[in-house]
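Everything numeric here is computed off the predicted structure, so don't read it as measured data.
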Amino acid sequence: MSDASKKDSELMKKIVSLCKSRGFIFQSAEIYGGLNGCWDYGPLGAELKRNLKDYWWRRHVQERDDIVGLDGSILTHQDVLKASGHVGGFSDPMCDCLLSKARLRADQIVPQTGTAYHFTGVTHEESGWSIEKDYSVLLTEGQDPNKARKTARLYYSQFLTDKQISPKKLELKGESTEEVSDSTRYNPENGSLLTEPRAFNLMFKTQMGASADENDESAVAYLRPETAQSIFVQFKNVLETNRLKLPFGIAQIGKSFRNEINPRNFTFRSREFEQMEIEYFCHPDDGMALTEEWLEARLKFYEEIGIPREHLHILDVPDGERAFYSKKTYDIEYEFPFGIQELEGVAYRTDYDLSVHQKGSGKSLEYFDDQKKEKFIAHVVEPSAGCDRTILALICEAFDEETITNDKGKDETRTVMRFDPKMAPIKAAILPLLKNKPELVDKAREVQKALQPFMNVFYDDGGAIGRRYRRQDEVGTPFCITIDFETLGEEAADLKDTVTVRERDSMEQSRMPISELLPFLLEKIH
RNA sequence: GCGGGUAUAGCUUAGUGGUAAAGCUCCAGCCUUCCAAGCUGGCUACGUGGGUUCGAUUCCCACUACCCGCUCCA
């Protein structure tokens, strides 16, 4: 591992550790040993996520008159996913090589012709060890039969409990041969038998109805693999009930599930994840231009929530790597400590989605333009963002450790989560300077009550004031409001009912009348 | 899915074939007039399940989870 990646790995460890110790993110079912790739958001994580989703919704739905919202069901009719291509079409059957463990796409295996050597097992006389397991090796014409036996011994040797035993000492059992032609059951690389082709089930499959039979195909339903499909399927209902005209969008935030995902990198890749998607429908002529517009709009959004442009990368997905129906796709990527990884895809999906559902359902999903007297299937541009990934990016971006020199001239580390105030889980901490002075405590509680209806604030009177400031730094609270003796009017009459406002990033303090707190904070967090 | 590594308190680590130590955190109390002060007290851990053993957190096996490298990611 290089120094840089080691440093990044250390950084990621710190971030994961802070997420747990401060209550942002916990492992799912931790007390039962954990559930692979599943995570729970703790109190602060839940606030953070809510802030992100709320802001996304406000920006893209409430503050625009061309986008409306939808909240579709997670359980999905199997016909929807058959039409979309998720059932069948997109899942490539794969085989694993029993010897080398290499994974091959079944449809890409070059058919082989030759002699198959079958074996039923192997024994090791000295130790008495043996195993019964069918295995075969394919030899093409002219190859030495001993090559098949050697390969088979190698295969069986992987089951040896005593790794000291040489594969050469293994006695093969039940050898027989068979002529085969054009077979794709063997690895062209080494002749080893492959596993049966297995369709990777990308989706979580379930049965509808409490008494549904496991084999009842008609009871099959799926957890949605993306939020997009319910938008396409409800396109007509939304269009007809909302007096919409192209171009317009339908937005949705919600959970999606993909079983094939190999969980990695903390919450980055999970089997259960939340998406924030817009399907923006338009005239076919406008698709390309709108893709560019959406890319810009989304980059601006990231900037607004505190992820600067210079930490984002835009990948113009080249021909051949895009989905076959997409004419243009941009990936917006973020520089995570574990690498540059995708946050969002902005894809021009043409009329693929509405076309397949029109065909699949037999219902017309065409759009009629009254003015141009033109009928067509709308094209769609899809900005599809990963909510959990964006949360992780916000956390990585916010994390900072700075060295400051304290009063005694000693260096110490201050951990600060530099969240944008819009995103910060706690907007302000209300702190009475001293806990054992009831006048301060009462006043602080008053301030807390005044702010609570408008934002998430946090009251804390435990320990020294400096400690409380640092605690808030570590969870990213942008402002600390301290009720002190000036507030009570004990020092100077004109300072009565003013408080200390301490800013997280600069640690600077200023005085402010209590009456100005609310407008001040609202302006910062909006 | 494959290979490697790891698993002790909320966090970071120590340690042992006879059930465990420390720092930080946290809680309570005292004290404290602005950046992790101090004092006193307190809660909390050997991932799960087997095996060996008189006895296992320690040795062995399996499982689970996390991390790293591949693979995969419509």
Quick one: look up who B:A21 pairs with, Watson-Crick or G-U, both distances under 3.5 Å, and put none if it's unpaired.
-> B:U13
A:Arg258 side chain: which of B:A74, B:A65, B:U33 is closest?
-> B:A74
Quick one: label A:Tyr32 by what it contacts on the DNA or RNA (base, sugar-phosphate, nothing), any heavy atom closer than 4.0 Å.
-> nothing
According to the salt bridge (charged side-chain N to carboxylate O under 4.0 Å, His left out) rule, which pairs have a member within residues 332-342 of chain A, sequence neighbours left out?
-> none
Would you mind pulling out the nucleotide paired to B:U44, Watson-Crick or G-U wobble, both distances under 3.5 Å?
-> none
With sequence neighbours left out, which residue pairs that include part of residues 261-272 of chain A fulfil the salt bridge (charged side-chain N to carboxylate O under 4.0 Å, His left out) condition?
-> A:Lys255-A:Glu272
Nucleotide nearest A:Leu433 when distance is taken to its side chain, options B:A65, B:U33, B:C31 = B:U33
Taking atom P of B:A74 as reference, at what distance in whole Å does atom CZ of A:Arg271 sit?
-> 16 Å
Rounded distance in Å between the P positions of B:A45 and B:U33 = 38 Å
Backbone N or O of A:Thr498 within a donor-acceptor pair of the A:Arg511 side chain at under 3.5 Å?
-> yes
In whole Å, what separates the P atom of B:U57 from that of B:U48?
-> 9 Å
Roughly how far apart, to the nearest Å, are B:A56 and B:G42 at atom C1'?
-> 30 Å
Which pairs with one or both residues in residues 384-396 of chain A pass side chain to side chain donor-acceptor pair (under 3.5 Å), sequence neighbours excluded?
-> A:Tyr41-A:Asp388, A:Lys49-A:Asp388, A:Glu277-A:Ser384
Nucleotide N/O of nucleotides 19-30 of chain B paired with protein N/O under 3.5 Å:
from	atom 1	to	atom 2	distance (Å)
B:U25	OP1	A:Arg467	NH1	2.9
B:U25	OP1	A:Arg467	NH2	2.8
B:C26	OP1	A:Arg471	NH1	2.4
B:C26	OP2	A:Arg467	NH1	3.2

Name all residues meeting the side-chain hydrogen bond (donor to acceptor under 3.5 Å, both in side chains) criterion together with A:Asp442; count only those two or more places apart in sequence or in a different chain, and write none if there are none.
-> none
Which nucleotide sits closest to the side chain of A:Ala323: B:C34, B:A74, B:U32?
-> B:A74
Between A:Phe520 and A:Phe479, does the ring centre distance come in under 6.0 Å?
-> yes
Distance, C1' atom - from B:U19 to B:G15, rounded to whole angstrom = 13 Å
For B:U53, the Watson-Crick or wobble counterpart (both distances under 3.5 Å) | none
Given the P atoms of B:G47 and B:U16, what is the spacing between them in whole Å?
-> 16 Å
With a 3.5 Å cut-off and just heavy-atom distances, do the side chain of A:Gln472 and the base of B:A36 make a donor-acceptor pair?
-> no
Mind checking A:Asn265 for me? I need base, sugar-phosphate or nothing, with any heavy atom below 4.0 Å counting as a touch.
-> sugar-phosphate
Nucleotide nearest A:Arg264 when distance is taken to its side chain, options B:A74, B:C68, B:C66 = B:C68
Could you tell me whether A:Glu486 contacts a base, only the sugar-phosphate backbone, or nothing, with contacts defined as non-hydrogen atoms closer than 4.0 Å?
-> nothing
Between CD of A:Glu508 and C1' of B:C34 the distance, given in whole Å, is 14 Å
Has A:Gln509 got a side-chain N or O lying under 4.0 Å from the OP1 or OP2 atom of B:C35?
-> no
Does any nucleotide pair with B:U6 by Watson-Crick or G-U wobble geometry, both distances under 3.5 Å, and what is it?
-> B:A65
Which part of the nucleic acid does A:Gly37 contact within heavy-atom distance under 4.0 Å: base, sugar-phosphate only, or nothing?
-> sugar-phosphate
Would you kindly compare A:Leu35 and A:Glu503 by the position of their nearest RNA chain B nucleotide and give the one closer to the 5′ end?
-> A:Glu503
Could I get the full list of side-chain hydrogen bond (donor to acceptor under 3.5 Å, both in side chains) partners for A:Asp331, not counting sequence neighbours?
-> none
Nearest nucleotide by nearest heavy atom, which residue falls closer to the 5' end of RNA chain B, A:Pro225 or A:Ser506?
-> A:Ser506
Distance flag, aromatic centroids of A:Tyr330 and A:Trp294, threshold under 6.0 Å | no
Residue A:Leu434, side-chain atoms from C-beta onward, closest of B:A65, B:U32, B:C72 = B:U32
Look at A:Glu446 together with A:Lys443 and state whether they make a salt bridge at an N to O cut-off of under 4.0 Å.
-> yes
Per A:Glu412 side chain, nearest of listed nucleotides B:C34, B:U32, B:A36 | B:A36
Hits for side-chain hydrogen bond (donor to acceptor under 3.5 Å, both in side chains) against A:Gln27, two or more places apart or cross-chain, chain-then-number order -> none
Those residues that, when tested against A:Asp319, pass salt bridge (charged side-chain N to carboxylate O under 4.0 Å, His left out) (two or more places apart) | A:Arg322
Between B:U33, B:C67, B:A37, which one does the side chain of A:Ala464 approach most closely?
-> B:A37
Provide the distance between the two P atoms, one in B:U58 and one in B:U52, to the nearest whole Å.
-> 15 Å
Indicate yes or no: at least one non-hydrogen side-chain atom of A:Glu397 is less than 4.5 angstrom from one of A:Tyr302.
-> no
Qualifying residues under side-chain hydrogen bond (donor to acceptor under 3.5 Å, both in side chains), relative to A:Asp316, sequence neighbours excluded = A:Lys328
Report, one pair per line, the protein and nucleotides 48-51 of chain B atoms (nitrogen or oxygen only) whose separation is under 3.5 Å.
none

With heavy atoms under 4.0 Å as the rule, sort A:Asn262 into base, sugar-phosphate or nothing.
-> base
Can you tell me the distance, in whole Å, between the CZ atom of A:Phe26 and the P atom of B:C66?
-> 16 Å
Give the table of side-chain donor-acceptor pairs shorter than 3.5 Å for residues 413-420 of chain A, with sequence neighbours excluded, one pair per line with atom names and distance.
from	atom 1	to	atom 2	distance (Å)
A:Arg414	NE	A:Glu402	OE2	2.8
A:Arg414	NH1	A:Asp473	OD1	3.4
A:Arg414	NH1	A:Asp473	OD2	2.8
A:Arg414	NH1	A:Arg504	O	3.0
A:Arg414	NH2	A:Glu402	OE2	2.9
A:Arg414	NH2	A:Arg504	O	3.2
A:Arg414	NH2	A:Asp505	O	3.3
A:Arg418	NE	A:Asp400	OD2	2.9
A:Arg418	NH1	A:Asp505	OD1	3.1
A:Arg418	NH2	A:Asp400	OD2	2.9
A:Arg418	NH2	A:Glu402	OE1	2.9
A:Asp420	OD1	A:Lys422	N	2.8
A:Asp420	OD1	A:Lys422	NZ	3.4

Base, sugar-phosphate alone, or nothing: which one does A:Arg414 contact when heavy atoms must sit under 4.0 Å apart?
-> nothing
Roughly, in whole Å, what's the span from CZ in A:Arg269 to C1' in B:C72?
-> 8 Å
Could you measure between the two P atoms, the one in B:G41 and the one in B:C24, and give it in whole Å?
-> 15 Å
Which atom pairs link the protein and nucleotides 11-14 of chain B when you take only N or O atoms and keep those under 3.5 Å?
from	atom 1	to	atom 2	distance (Å)
B:C11	OP1	A:Lys20	NZ	2.6
B:C11	O3'	A:Ser17	OG	3.1

